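Here the structure is a predicted model, which means the values were calculated and not measured. Order of the sequence lines fixes the chain letters, A, B, ..., with proteins taken first and strands second; residue numbering starts at 1 for each chain.
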2 protein chains.
Amino acid sequence: MLIRIDPSSSMALNEQIAAGIRRSMIAGEVGPGDRLPPAKDLGRSLDVNMHTVLKAYGRLRDDGLVEMRRGRGVTVMDQPVARASLVEAARSLVEQATHAGYQPGEILELVEVQL
Amino acid sequence: MLIRIDPSSSMALNEQIAAGIRRSMIAGEVGPGDRLPPAKDLGRSLDVNMHTVLKAYGRLRDDGLVEMRRGRGVTVMDQPVARASLVEAARSLVEQATHAGYQPGEILELVEVQL
DNA sequence: ACCTATTTGTCCGTATGTATG
DNA sequence: CCATACATACGGACAAATAGG
């Protein structure tokens with residue numbers, strides 16, 4: 001997993017790291033079940049603080065892409081799980097919008113304008 | 001806005017603070033447009049670090065309850081928050097799906113099947 | 001069952017950057 | 001220009017869960 005960091009970029013370091021890992025996932029360099037390096041190790045190799053790496057990992061977790069557990073590390077989620085979290089997000093959105101009186105077309109438009 | 005913190009609780013401090021503010025909202029002690037105290041000030045009054053308060057504020061922001069802006073502080077969202085929160089849910093869904101490598105058409109389909 | 005090392009989770013303190021007013 | 005206040009990063013400390021000997 002090769003990640004490049006540009007300290008002079010306006011993009012936050014933790015986002016650069018998260019983006020780099022996402023790219024590695026899309027490129028297939030890391031896949032479901034694979035373990036990401038410990039935050040301390042990756043931080044040292046990228047010359048950034050462990051906390052910055054942990055923040056990047058946390059973003060990926062919030063996106064449902066990885067699982068983090070103490071003592072065990074960070075592992076890439078199975079694709080069905082990542083998809084399940086997306087399906088759940090879509091279900092929740094539709095439920096909320098419907099409850100608020102939105103029509104199907106209006107709900108789709110809510111999403112379209114974000115694309 | 002009265003918040004109590006129990007340092008000996010197993011609940012993380014930042015969550016205790018966020019929960020306390022949610023309670024104040026429900027109790028009507030703070031309402032839309034009101035400004036929450038600067039993180040540094042609230043931290044000093046609760047005897048916790050500024051970052052811990054900022055993390056609590058960030059959770060509330062992620063939940064669509066408050067807005068955070070540099071230089072201006074943290075303000076409670078307006079009641080048309082219903083719409084704002086839907087927009088945020090849609091934005092978050094699109095962001096997650098995009099990060100996961102989904103194409104626009106596939107994202108729309110995620111929602112359509114839930115209608 | 002015990003101990004140790006690993007690794008994330010949380011919190012603290014400090015410093016610097018950046019948008020707002 | 002200046003003060004305010006969040007945003008990000010660094011570093012250190014301790015706790016808690018996990019894994020391995």
Side-chain angles (χ1 to χ4, degrees), chain A residues 1 3-22 30 33-77 81, chain B residues 1 3-21 30 33-78 84 88 91-92 95:
Chain A
M1 186 187 55
I3 298 180
R4 267 194 302 262
I5 297 299
D6 176 13
S8 70
S9 166
S10 68
M11 192 176 176
L13 289 178
N14 74 75
E15 293 209 36
Q16 289 186 50
I17 296 169
I21 295 172
R22 280 196 211 95
V30 297
D34 287 354
R35 186 163 165 230
L36 299 183
K40 188 151 71 165
D41 294 3
L42 182 56
R44 191 172 41 213
S45 79
L46 294 177
D47 199 28
V48 301
N49 192 273
M50 173 187 68
H51 297 305
T52 303
V53 176
L54 279 176
K55 190 159 187 177
Y57 284 169
R59 297 186 66 88
L60 298 176
R61 177 191 51 197
D62 292 346
D63 288 347
L65 298 179
V66 302
E67 182 187 29
M68 303 174 71
R69 297 187 56 184
R70 290 182 192 168
R72 180 186 297 186
V74 179
T75 52
V76 177
M77 291 276 251
V81 179
Chain B
M1 187 185 55
I3 299 180
R4 268 195 302 262
I5 298 298
D6 176 13
S8 71
S9 166
S10 69
M11 191 176 172
L13 288 178
N14 74 73
E15 292 209 38
Q16 289 187 49
I17 296 170
I21 295 172
V30 296
D34 287 354
R35 183 160 168 244
L36 300 183
K40 186 150 73 162
D41 295 3
L42 182 55
R44 191 170 42 211
S45 79
L46 294 178
D47 198 30
V48 300
N49 193 272
M50 172 187 65
H51 296 305
T52 304
V53 176
L54 280 176
K55 192 159 186 177
Y57 283 170
R59 296 186 73 87
L60 298 176
R61 178 193 50 199
D62 292 345
D63 289 346
L65 297 179
V66 302
E67 180 187 31
M68 301 176 72
R69 303 199 33 197
R70 289 182 192 167
R72 212 182 76 170
V74 179
T75 53
V76 177
M77 290 280 258
D78 264 354
E88 169 57 22
R91 190 204 61 71
S92 171
E95 184 186 57

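In this structure, NZ of B:Lys55 is placed 16 Å from P of C:dG13, rounded to the nearest angstrom. One can place CG of B:Leu54 at 10 Å from P of D:dT8, the figure rounded to the nearest angstrom. Atom CG of B:Asp47 is separated from atom P of C:dC12 by 8 Å (rounded to the nearest Å). Taking atom CG of A:Leu60 as the reference point, atom P of C:dT8 lies 13 Å away to the nearest angstrom. Across the protein-nucleic acid pair, A:Met50 atom CE and C:dT8 atom C1' stand 8 Å apart, rounded to whole Å. In this entry the distance linking CZ of B:Arg35 with P of C:dT20 reads 14 Å, nearest Å. Atom pair A:Leu42:CG and C:dT7:P shows a separation of 13 Å (rounding to whole Å applied). As rounded to whole Å, 16 Å separates atom P of D:dC10 from atom NZ of A:Lys40.
Within a heavy-atom distance below 4.0 Å of DNA chain C, the residues of residues 67-76 of chain A found are A:Met68, A:Arg69, A:Arg70, A:Gly71, A:Gly73, A:Val74. Near DNA chain D, meaning a heavy atom under 4.0 Å away, there are no residues from residues 10-20 of chain B.
Comparing D:dC10, D:dG11, D:dC6 by their closest approach to the side chain of A:Val48 singles out D:dC10.
Considering every non-hydrogen atom in both B:Ala18 and B:Ala56, the closest pair reads N-CB, 3.8 Å.
If you check distances only, the side chain of B:His51 never reaches the base of D:dA7 with a donor-acceptor pair under 3.5 Å.
Phosphate proximity of D:dA7 to B:Arg61: present, with a side-chain N or O under 4.0 Å from OP1 or OP2. Residue A:Asn49 has a polar side-chain atom (N or O) positioned under 4.0 Å from OP1 or OP2 of D:dG11. Taking only side-chain nitrogens and oxygens, A:Thr52 comes nearer than 4.0 Å to OP1 or OP2 of D:dC10.
For A:Arg61, the side chain to side chain contact (heavy atoms under 4.5 Å, CB included) partners at least two apart in sequence or on another chain are A:Val66, A:Met68. By the side chain to side chain contact (heavy atoms under 4.5 Å, CB included) test, B:Asp6 is found to be paired with B:Ser8, B:Ser9, B:Gln16, residues two or more places apart in sequence or in another chain being considered. Partners of A:Arg59 under the side-chain hydrogen bond (donor to acceptor under 3.5 Å, both in side chains) rule, at least two apart in sequence or in another chain, do not exist in this structure.
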Could you go through residues 33-54 of chain B and list every donor-acceptor pair under 3.5 Å that involves a side-chain atom there, pairing it with any protein atom two or more places apart or in another chain?
unit_1, atom_1, unit_2, atom_2, d
B:Asp34, OD2, B:Gly31, N, 2.8
B:Arg35, NE, B:Arg72, O, 3.0
B:Asp41, OD1, B:Arg44, NH2, 3.4
B:Ser45, OG, B:Leu42, O, 3.0
B:Asn49, OD1, B:His51, N, 2.9

